[in-house]
Amino acid sequence: MDHPRPCGCKGRRTCLNCEAEFGIQPINFYTTFQNYESYVYCPRCSKIYTGWNWETVLAEHENDPKHGGALGEEYPGVYIDLDFLSNTEEANLLHGLDELPWDVSQSGRRKQNFGPKTNFKKTRLRAAQFAGFPRVSEFVQRRFEQVPLLRTFQTIEQCSLEYTPERGASIDPHIDDCWIWGERIVTVNLLSDSVLTMSPYRCTDGKPKYNLHHLDHYRQHLLGALIDEKLMAAYENRIVRIPMPRRSLLVLYGPPRYQWEHAVLREDIKERRVCLAYREFTPMYLQGGCEFSQSEDIFERAKQFWDHQAATTES
């Protein structure tokens, strides 16, 4: 089952459709994580508290005078803006995106991808048909400039991802590629609340995945100091649940970016959810970096925003 199936899944990735059609038994991360010590990240105090359901945990601490104090533990490398978009902005953005075609993707998702072509295995980059981003989403990128953590963020890829319970949509635990995508992992959440489930990354066979070895080329440029191996070992049986409320902005950097895998569990998708995922280049591909000659044209293309309605009419 390594070749793509009609639903878009391949390999171990599955959705409800291909599981039923081909009799595939999915990996049940939800059940696995039930055996872990679970914590919930609080967007208000930036600390974590024991529990699984983020709404329940945060409600319990709503009026607790000790909230944010001794009861909570530090979990650096997470930034959440709960009111990043207004209701009207969300509605207009979704209306525009839904006027563009959606492509099938793995694990029951649909996607719209705007960015260069990347080959993670061969570490090859090319501009291909990349011509910038739909203008309906331009205001989102402009608003990044108002977030101190994102003032130097240069968007190179914007990907719309749609999750629905009808397809059993999810994304397995993973770390975003470290050869090409930079430190800040940015997500704007639309339509419904969801949760990002973080689990410690383990290199089990001595061969790091996700091109993590490239981190050695730019470790000195990181915004967040990484956690030493001894402390990470203490987190071996722990997960952290990060809320992704509707219309919020989430940024991961530092330890959650490189030392924890992140997943969206099927069980956490209760209704249609759309997120916009934004990626930047690693320092190697920025101006002054050793690979800038490969990315200079892409940066110019990334400055462009096009009328999606005109593009749809022409096609």
Q) Do the side-chain N and O atoms of R184 and T152 include a donor-acceptor pair separated by under 3.5 angstrom? A) yes
- Query: Does the salt bridge (Lys or Arg N to Asp or Glu O under 4.0 Å) test come out yes or no for E19 and R266, once each step is laid out?
  - Reply: CA-CA 13 Å; E19 289 165 13; R266 176 182 292 178; 2.8 Å; yes
Run the side chain to side chain contact (heavy atoms under 4.5 Å, CB included) test on D268 and R241 for me, step by step, so that the C-alpha distance in whole Å, both residues' side-chain angles and the decisive distance to 0.1 Å come before the verdict.
CA-CA 11 Å; D268 290 321; R241 306 259 289 166; 2.7 Å; yes
Y258 and Y218 aromatic ring geometry - parallel, tilted or perpendicular at 30°/60° bounds: tilted
*Does any donor atom in the side chain of H174 or D176 lie under 3.5 Å from an acceptor atom in the other side chain?*
yes
Worksheet item: Would S38 and T50 count as a side chain to side chain contact (heavy atoms under 4.5 Å, CB included) if you check the C-alpha gap in whole Å, the side-chain angles of each, and the deciding distance to 0.1 Å?
Response: CA-CA 6 Å; S38 62; T50 56; over 6 Å; no
*asked:* Does any part of the side chain of I171, heavy atoms only, come nearer than 4.5 Å to the side chain of H262, both counted from C-beta?
replied: no
Taken to the nearest 0.5 Å, the spacing of S293 OG from E291 CD works out to 6.5 Å
Spell out, yes or no, whether V104 and I24 are grouped together once hydrophobic residues are joined by side-chain heavy atoms under 4.5 Å, including indirect joins. no
**OP:** Check whether any side-chain heavy atom of N119 sits under 4.5 Å from a side-chain heavy atom of K117, and report yes or no.
**Re:** no
Open item on the list: Ring of Y163, cation from R273 - is the NZ or CZ under 6.0 Å from the centre and inside 45° of the axis?
Closed with: yes
Under a side-chain separation threshold of 4.5 Å, the hydrophobic residues clustered together with I239 are I27, F29, Y30, F33, Y36, W52, L265
Joint cluster assignment, L149 & F84, ILVMFWY side-chain distance < 4.5 Å | yes
CD (E183) and CG (L215) are apart, to the nearest 0.5 Å, by 8.5 Å
Given the options V195, L252, V40, I242 meets side-chain contact (heavy atoms from CB on, under 4.5 Å) only with L252
Between D172 and R12, does any side-chain N to carboxylate O distance fall below 4.0 Å?
yes
Checking Y235, W260, Y39 against Y75 for ring pair (Phe, Tyr, Trp, His ring centres under 6.0 Å), the one that qualifies is W260
* Is there a side-chain hydrogen bond (donor to acceptor under 3.5 Å, both in side chains) between Q158 and Y278 once you walk through the steps? -> CA-CA 5 Å; Q158 174 182 306; Y278 292 89; 3.3 Å; yes
- prompt: When you look at V78 and L250, which way does the side chain to side chain contact (heavy atoms under 4.5 Å, CB included) test go after all the steps?
  reply: CA-CA 7 Å; V78 179; L250 169 65; 3.8 Å; yes
Note to self: Under the criterion side-chain hydrogen bond (donor to acceptor under 3.5 Å, both in side chains), I'd like the reasoning laid out for S105 against R110: C-alpha separation, chi angles, the key distance, then a yes or no.
What the structure shows: CA-CA 5 Å; S105 186; R110 293 199 304 167; over 6 Å; no
In terms of heavy-atom contacts, L97 and Q112 come closest through O-NE2, 2.8 Å
- Message: Quick one, V274 and L94 - any side-chain contact, counting heavy atoms below 4.5 Å?
- Response: yes
Beyond-backbone contact of K209 with Y201, side-chain heavy atoms, under 4.5 angstrom | yes
d(Q141 CD, F153 CZ) to nearest 0.5 Å is 8.0 Å
Between G8 and Q106 the two heavy atoms that sit nearest each other are O-CG, 3.2 Å
Between D193 and the options M244, E55, E271, R247, the side-chain contact (heavy atoms from CB on, under 4.5 Å) test singles out E55
Per side-chain contact (heavy atoms from CB on, under 4.5 Å), R246 is matched among L191, N189, L82 by L191
Here the pair of heavy atoms bringing I269 nearest to A169 is CG1-O, 3.7 Å
Exercise for the section: May I ask you to decide if the ring planes of F281 and W181 are parallel, tilted or perpendicular, using 30° and 60° as cut-offs? Expected result: parallel
Distance col, row S295:OG vs Q287:CD, nearest 0.5 angstrom, shows 9.5 Å
Query raised in the report: With a cut-off of 6.0 Å (strictly less than), are more than 12 heavy atoms of other residues, nucleotides or ligands near CD of Q220?
Result: yes
| task | Please check if the distance between the ring centroids of Y49 and Y41 is under 6.0 Å. | result | no
Are any of the side-chain heavy atoms of T123 and H214 separated by less than 4.5 Å? yes
* Asked: Can F114 be reached from L161 by stepping across I, L, V, M, F, W or Y side chains whose heavy atoms are under 4.5 Å apart?
  -> no
Across all chains, not counting sequence neighbours, the side chain to side chain contact (heavy atoms under 4.5 Å, CB included) partners of T164 are E162, E166, R167, R272
query = With hydrophobic residues grouped by side-chain heavy-atom distances under 4.5 Å, do Y253 and F144 end up in a single group?
reply = yes
*Do the side chain of K270 and the main chain of E267 share a donor and acceptor less than 3.5 angstrom apart?*
yes
On a heavy-atom basis, the closest approach of Q259 and I227 is NE2-O, 2.7 Å
Exercise. Output yes when E73 and R238 qualify as a salt bridge under the 4.0 Å nitrogen-oxygen rule, no when they do not.
Key: yes
Rounding to 0.5 Å, atoms CZ (R301) and CD (E296) come to a distance of 12.5 Å
Exercise for the section: Say whether L286 and I156 are linked into one hydrophobic cluster, either directly or through other cluster members, by side-chain heavy-atom distances under 4.5 angstrom. Expected result: yes
Query raised in the report: Does the side chain of T282 come within less than 4.5 Å of W179's, by heavy atoms?
Result: no
N/O donor-acceptor pair under 3.5 Å between T32 side chain and N28 backbone
yes
Here the gap from H95 atom NE2 to E90 atom CD, rounded to the nearest 0.5 Å, amounts to 14.0 Å
Answer yes or no: is there a side-chain heavy-atom contact under 4.5 Å between E261 and M198? no
| pair L249-I80: side-chain heavy atoms closer than 4.5 Å | no
Heavy-atom nearest pair, P76 first then P255, reads O-CD, 4.3 Å
Just wondering, are more than 12 heavy atoms of other shown residues or ligands nearer than 6.0 Å to CZ in R124?
no
key: Trace of the side-chain hydrogen bond (donor to acceptor under 3.5 Å, both in side chains) decision for T118 with R279   = CA-CA 12 Å; T118 53; R279 302 295 178 259; over 6 Å; no
Candidate pair V264 and T197, rule side chain to side chain contact (heavy atoms under 4.5 Å, CB included), full reasoning: CA-CA 6 Å; V264 177; T197 300; over 6 Å; no
On a heavy-atom basis, the closest approach of C9 and G108 is SG-N, 4.1 Å
